[in-house]
S.K.: 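To start, I am sharing the structure in question, which I have written as structure tokens.
Positions are given from 1 along the sequence. The structure displayed is predicted, hence computed values, not measured ones.
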Amino acid sequence: QVVFALNQTLLQQESLRAGSFQIPYTTEDLVKQYSCGDLSSIIFNHDTSQVPNFINVTLPDLERVTAQEIDTYFRQELVYKRNERMGRRVKDLLEEYPDKTFFFAFGAGHFMGNNTVIDVLRREGYEVEHTPAGQAI
């Protein structure tokens with residue numbers, strides 16, 4: 001699986017360089033959508049953009065199964081579990097120090113897709129609000 005994932009990543013990078021493959025959004029698009037608080041926009045409706053997409057309709061059936069297994073593993077281990085840990089840490093701090101005020105800052109990837117840090121906190125009963133750029137806290 002590691003060799004397969006490496007080969008697919010290299011093929012994707014070669015396609016990007018050759019111009020035959022394009023990412024459907026730019027970093028500027030991500031920043032704009034994040035700044036506007038539009039976390040449910042088309043860009044963020046994907047499970048995540050942090051995990052390379054190995055699933056390709058042109059792959060033979062056996063390789064497509066391998067790609068799906070890798071994709072599932074990466075999403076679970078690198079995205080969902082990480083966000084769960086971070087959300088629990090925030091919750092624990094808020095509960096341990098109820099009279100304190102906190103400011104938490106995370107990279108944009110922690111707010112993208114499903115099972116984000118925000119989703120974890122909302123499941124725990126917290127109300128999470130977006131603060132737009134330039135707005136006083």
Side-chain angles (χ1 to χ4, degrees):
Q1 287 182 340
V2 172
V3 171
F4 175 84
L6 180 58
N7 283 334
Q8 290 302 309
T9 301
L10 292 173
L11 287 170
Q12 227 174 48
Q13 291 300 312
E14 289 171 359
S15 296
L16 276 170
R17 282 190 185 165
S20 60
F21 174 75
Q22 284 192 331
I23 296 173
Y25 49 83
T26 67
T27 301
E28 285 181 24
D29 293 331
L30 294 175
V31 170
K32 178 181 175 189
Q33 297 302 321
Y34 175 77
S35 295
C36 293
D38 188 9
L39 298 180
S40 62
S41 72
I42 189 69
I43 293 171
F44 293 96
N45 280 339
H46 304 289
D47 251 349
T48 182
S49 66
Q50 295 181 309
V51 178
N53 185 12
F54 299 121
I55 302 169
N56 182 329
V57 293
T58 63
L59 292 173
D61 287 342
L62 184 59
E63 287 185 4
R64 199 170 314 131
V65 169
T66 301
Q68 183 61 55
E69 289 170 355
I70 293 169
D71 183 74
T72 300
Y73 174 81
F74 276 172
R75 287 181 200 291
Q76 188 63 39
E77 297 298 320
L78 300 180
V79 179
Y80 300 154
K81 284 185 179 180
R82 177 195 64 188
N83 286 341
E84 285 287 334
R85 280 191 309 272
M86 293 177 81
R88 275 195 316 270
R89 287 178 183 156
V90 168
K91 176 188 162 285
D92 290 347
L93 282 169
L94 293 172
E95 290 177 357
E96 187 174 347
Y97 303 100
D99 297 331
K100 297 273 185 191
T101 300
F102 291 91
F103 175 83
F104 297 100
F106 300 98
H110 297 284
F111 302 107
M112 294 173 59
N114 301 314
N115 299 309
T116 67
V117 173
I118 291 172
D119 294 333
V120 171
L121 292 169
R122 285 184 174 149
R123 279 194 308 266
E124 292 293 332
Y126 287 91
E127 183 179 327
V128 181
E129 294 180 23
H130 177 263
T131 304
Q135 179 179 326
I137 298 177

S.K.: Evaluate whether atom CZ of Phe104 has more than 12 neighbouring non-hydrogen atoms of other residues, nucleotides or ligands under 6.0 angstrom away.
M.R.: yes

S.K.: Extract all donor-acceptor atom pairs below 3.5 Å that involve side chains of residues 120-127 and protein atoms in other chains or at least two apart in sequence.
M.R.:
| unit_1 | atom_1 | unit_2 | atom_2 | d |
| --- | --- | --- | --- | --- |
| Arg122 | NH2 | Val128 | O | 2.8 |
| Arg123 | NH2 | Glu84 | OE2 | 2.4 |

S.K.: Quick check on Phe102: does its CZ atom have over 12 non-hydrogen neighbours (other residues, nucleotides or ligands) under 6.0 Å away?
M.R.: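 Yes, enclosed.
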
S.K.: Who are the salt bridge (charged side-chain N to carboxylate O under 4.0 Å, His left out) partners of Glu95, not counting sequence neighbours?
M.R.: Lys91

S.K.: To the closest 0.5 Å, what do you measure between OG1 (Thr116) and CE (Met86)?
M.R.: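 One finds 11.0 Å between OG1 of Thr116 and CE of Met86.
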
S.K.: Linking I/L/V/M/F/W/Y whenever any side-chain heavy atoms sit under 4.5 Å apart, do Leu93 and Ile118 land together?
M.R.: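 Same hydrophobic cluster.
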
S.K.: To the nearest 0.5 Å, tell me how far Phe4 CZ sits from Glu69 CD.
M.R.: 10.0 Å

S.K.: In Å and rounded to the nearest 0.5 Å, what is the CD1 to OG1 distance from Ile70 to Thr66?
M.R.: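 Rounded to the nearest 0.5 Å, the CD1-OG1 separation comes to 6.5 Å.
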
S.K.: Tell me, please, which residues at least two apart from Asp92 pass salt bridge (charged side-chain N to carboxylate O under 4.0 Å, His left out).
M.R.: none

S.K.: Is a side-chain donor-acceptor pair under 3.5 Å present for Thr72 with Gln68?
M.R.: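 Yes.
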
S.K.: Within this structure, what is the CD-CG distance for the pair Gln76 and Asn115, rounded to the nearest 0.5 Å?
M.R.: 8.0 Å

